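What follows is a set of notes on a single structure, which appears directly below.
Quick caveat, the model's predicted, so the values are computed rather than measured. Residue numbering restarts at 1 for every chain, and letters A, B, ... go by the order of the sequence lines.
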2 protein chains.
Amino acid sequence: MRLSTRAQYAVRAMVDLSLHSEGRPVSLREIAQREDIPLNYLEQLFNRLRRGNIVESVRGPGGGYLLARESAAILVGEIVATVEEPLTPVSCMDKGKGRCTRTAACTTHTVWEMLGERIRNFLDSITLEDLVSEARRRIAGAEQ
Amino acid sequence: MRLSTRAQYAVRAMVDLSLHSEGRPVSLREIAQREDIPLNYLEQLFNRLRRGNIVESVRGPGGGYLLARESAAILVGEIVATVEEPLTPVSCMDKGKGRCTRTAACTTHTVWEMLGERIRNFLDSITLEDLVSEARRRIAGAEQ
DNA sequence: GTATAGTTGACAAAAATTGTATGGTATGTT
DNA sequence: AACATACCATACAATTTTTGTCAACTATAC
Ligand code: FES
Ligand code: FES
């Protein structure tokens with residue numbers, strides 16, 4: 001039940017982006033440095049985030065990424081789901097895939113289904129803005 | 001965010017065991033056949049389950065495994081945690097491990113911590129007995 | 001004593017994740 | 001136009017984790 005580093009990286013990077021953007025595009029190079037994430041790997045993640053309509057890109061010098069919407073309208077669950085395709089606990093829910101073999105009438109299926117729902121609901125209950133304002137509080141607290 | 005097959009196998013096997021035991025030990029060979037799980041793999045899982053005090057073993061011919069307690073006192077969360085060591089979403093919670101590098105003040109840590117809590121709470125809210133009686137209902141329904 | 005069935009540890013195969021490399025395209029600046 | 005920046009895309013390599021297998025051993029019922 002581990003989250004991939006993809007998901008961890010993506011959320012951290014999105015917080016970083018929000019904190020440092022202020023309307024201007026932020027380059028991945030900056031984010032990669034600040035958050036200590038391999039640049040090329042981050043590029044892959046942001047490709048997905050762009051296709052997922054979570055960020056917009058600006059090419060050329062001075063370019064970078066911008067939030068596609070206000071941070072209060074971006075859910076952590078979206079970010080995670082976008083970079084970590086299946087947010088379901090078991091593969092039989094993947095569509096196309098069959099049920100698990102034999103099975104004790106597969107009573108367990110329901111459990112995993114509900115578990116997935118709980119996970120998604122929780123992650124969708126937190127917005128990027130929640131994390132950003134929390135981060136700002138911490139920074140303010142550390143300064144004084 | 002995938003559950004290992006270890007966890008899926010273990011829960012299914014435990015349901016199977018409960019359904020077929022009725023006080024008598026059930027051999028892994030039976031379970032492996034009914035649930036289509038590699039026998040040797042299942043042995044490893046039941047070793048962990050035994051050490052986790054979830055089942056008891058009876059050696060020799062006619063032997064097998066028994067529930068260590070009544071099924072109503074066995075939580076699905078226990079079974080999963082026993083075979084799938086870390087039920088935490090990120091490794092920085094593993095004790096001994098450091099925090100994630102750099103980090104946007106690691107606001108995200110709290111999110112993963114809460115997520116882990118939710119997952120554990122949910123899985124601990126379901127007992128093996130819940131699954132077994134659900135399975136019995138299905139079997140009865142299928143028969144008529 | 002023999003067959004059954006759990007116990008254990010080492011190891012191999014396979015899959016998934018994580019990270020790297022390379023070559024592109026768009027665009028602002030000089 | 002040339003050049004530098006920074007996104008875009010794909011392929012591939014390294015690593016780690018998961019999954020499965022093998023072999024040897026111990027206890028016990030018959
Ligand atoms: S069919 Fe989904 S877990 Fe068995
Ligand atoms: S320290 Fe735990 S996620 Fe960053």
Side-chain angles (χ1 to χ4, degrees), chain A residues 1-10 12-13 17 21 24-33 35-52 54-66 68 80 83-91 94 97 100-101, chain B residues 1-10 12-13 17 21 24-33 35-52 54-66 68 80 83-91 94 97 100-101:
Chain A
M1 263 278 101
R2 274 287 159 83
L3 216 58
S4 61
T5 65
R6 273 205 304 287
Q8 299 177 49
Y9 283 171
R12 266 169 54 208
L17 168 56
S21 176
R24 302 251 153 242
V26 181
S27 73
L28 291 188
R29 182 206 289 249
E30 281 180 61
I31 299 178
Q33 255 167 20
E35 298 292 333
D36 195 24
I37 297 170
L39 176 58
N40 288 319
Y41 201 32
L42 202 55
E43 285 180 336
Q44 292 175 34
L45 301 184
F46 271 76
N47 265 317
R48 299 207 205 190
L49 293 174
R50 182 174 49 82
R51 288 184 205 147
I54 293 174
V55 296
E56 277 170 6
S57 65
V58 179
R59 301 178 71 150
Y65 287 92
L66 293 164
V80 174
V83 298
E84 176 154 352
E85 289 302 350
L87 206 38
T88 54
V90 290
S91 61
D94 277 354
K97 301 287 172 56
C100 62
T101 43
Chain B
M1 262 280 96
R2 276 285 159 86
L3 217 58
S4 61
T5 64
R6 273 204 304 286
Q8 299 176 51
Y9 284 169
R12 266 169 54 209
L17 168 55
S21 176
R24 302 251 152 240
V26 181
S27 73
L28 291 189
R29 182 204 290 248
E30 282 182 60
I31 299 178
Q33 255 168 18
E35 298 292 334
D36 195 24
I37 297 171
L39 175 59
N40 288 317
Y41 202 31
L42 203 54
E43 286 179 338
Q44 292 175 33
L45 301 185
F46 271 75
N47 263 316
R48 299 208 205 190
L49 293 174
R50 182 173 48 80
R51 287 185 207 145
I54 293 174
V55 296
E56 276 170 7
S57 65
V58 180
R59 300 177 74 149
Y65 286 93
L66 294 164
V80 174
V83 298
E84 176 156 351
E85 288 300 352
L87 206 39
T88 54
V90 290
S91 61
D94 278 355
K97 301 286 172 56
C100 61
T101 41

Examine [N]: is either OP1 or OP2 under 4.0 Å from a nitrogen or oxygen in the side chain of [X]? Give yes or no.
X        : N      : value
Arg29(B) : dT4(C) : no
Tyr65(A) : dA6(D) : no
Ser57(A) : dC8(D) : yes
Arg48(B) : dG6(C) : no

Report the residue from Leu49(B), Leu66(B), Ile31(B) that forms a side-chain contact (heavy atoms from CB on, under 4.5 Å) with Leu17(B).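 Only one option passes, and that is Ile31(B).
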
Can you tell me the distance, in whole Å, between the CG atom of Leu49(A) and the C1' atom of dC7(D)?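 Between C1' of dC7(D) and CG of Leu49(A): 14 Å.
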
Close N or O pairs between protein and nucleotides 13-16 of chain D (under 3.5 Å):
none

Are Glu35(A) and Arg12(A) close enough for a salt bridge, meaning some N to O gap below 4.0 Å?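 Looking at Arg12(A) together with Glu35(A), the answer is yes, because their closest N to O distance falls below 4.0 Å.
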
Over 60° means perpendicular and under 30° means parallel, so classify the ring planes of Tyr41(B) and Tyr9(B), tilted if in between.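 Plane angle over 60°, so perpendicular.
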
Take the C1' atoms of the five end pairs on each side of the helix from dG1(C)-dC30(D) to dT30(C)-dA1(D), derive the two axes, and give their angle rounded to 10 degrees.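 Overall, the helix from dG1(C)-dC30(D) to dT30(C)-dA1(D) bends by 0° from one end axis to the other.
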
What's Phe46(B) touching, base or sugar-phosphate or nothing? Going by heavy atoms closer than 4.0 Å.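 If one applies the 4.0 Å heavy-atom cut-off, Phe46(B) turns out to touch nothing in the nucleic acid.
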
For each nucleotide in nucleotides 23-30 of chain C, reading 5' to 3', give B when a protein heavy atom comes within less than 4.0 Å of its base, S when such contact involves only the sugar-phosphate, and - otherwise. -BBBBB--

My understanding is that only residues two or more places apart in sequence, or in another chain, count here; which of them pass salt bridge (Lys or Arg N to Asp or Glu O under 4.0 Å) with Glu43(A)?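 Scan of Glu43(A) (salt bridge (Lys or Arg N to Asp or Glu O under 4.0 Å), adjacent residues dropped) gives none.
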
Identify, with sequence neighbours excluded, every residue that meets salt bridge (Lys or Arg N to Asp or Glu O under 4.0 Å) alongside Arg50(B).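 Partners of Arg50(B) under the salt bridge (Lys or Arg N to Asp or Glu O under 4.0 Å) test: none.
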
I'd like a list of close polar pairs between nucleotides 9-17 of chain C and the protein, N/O only, cut-off under 3.5 Å.
none

Just by modelled atom types, is the Arg24(A) backbone N or O under 3.5 Å from a matching donor or acceptor in the Ser21(A) side chain?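 Answer holds: yes.
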
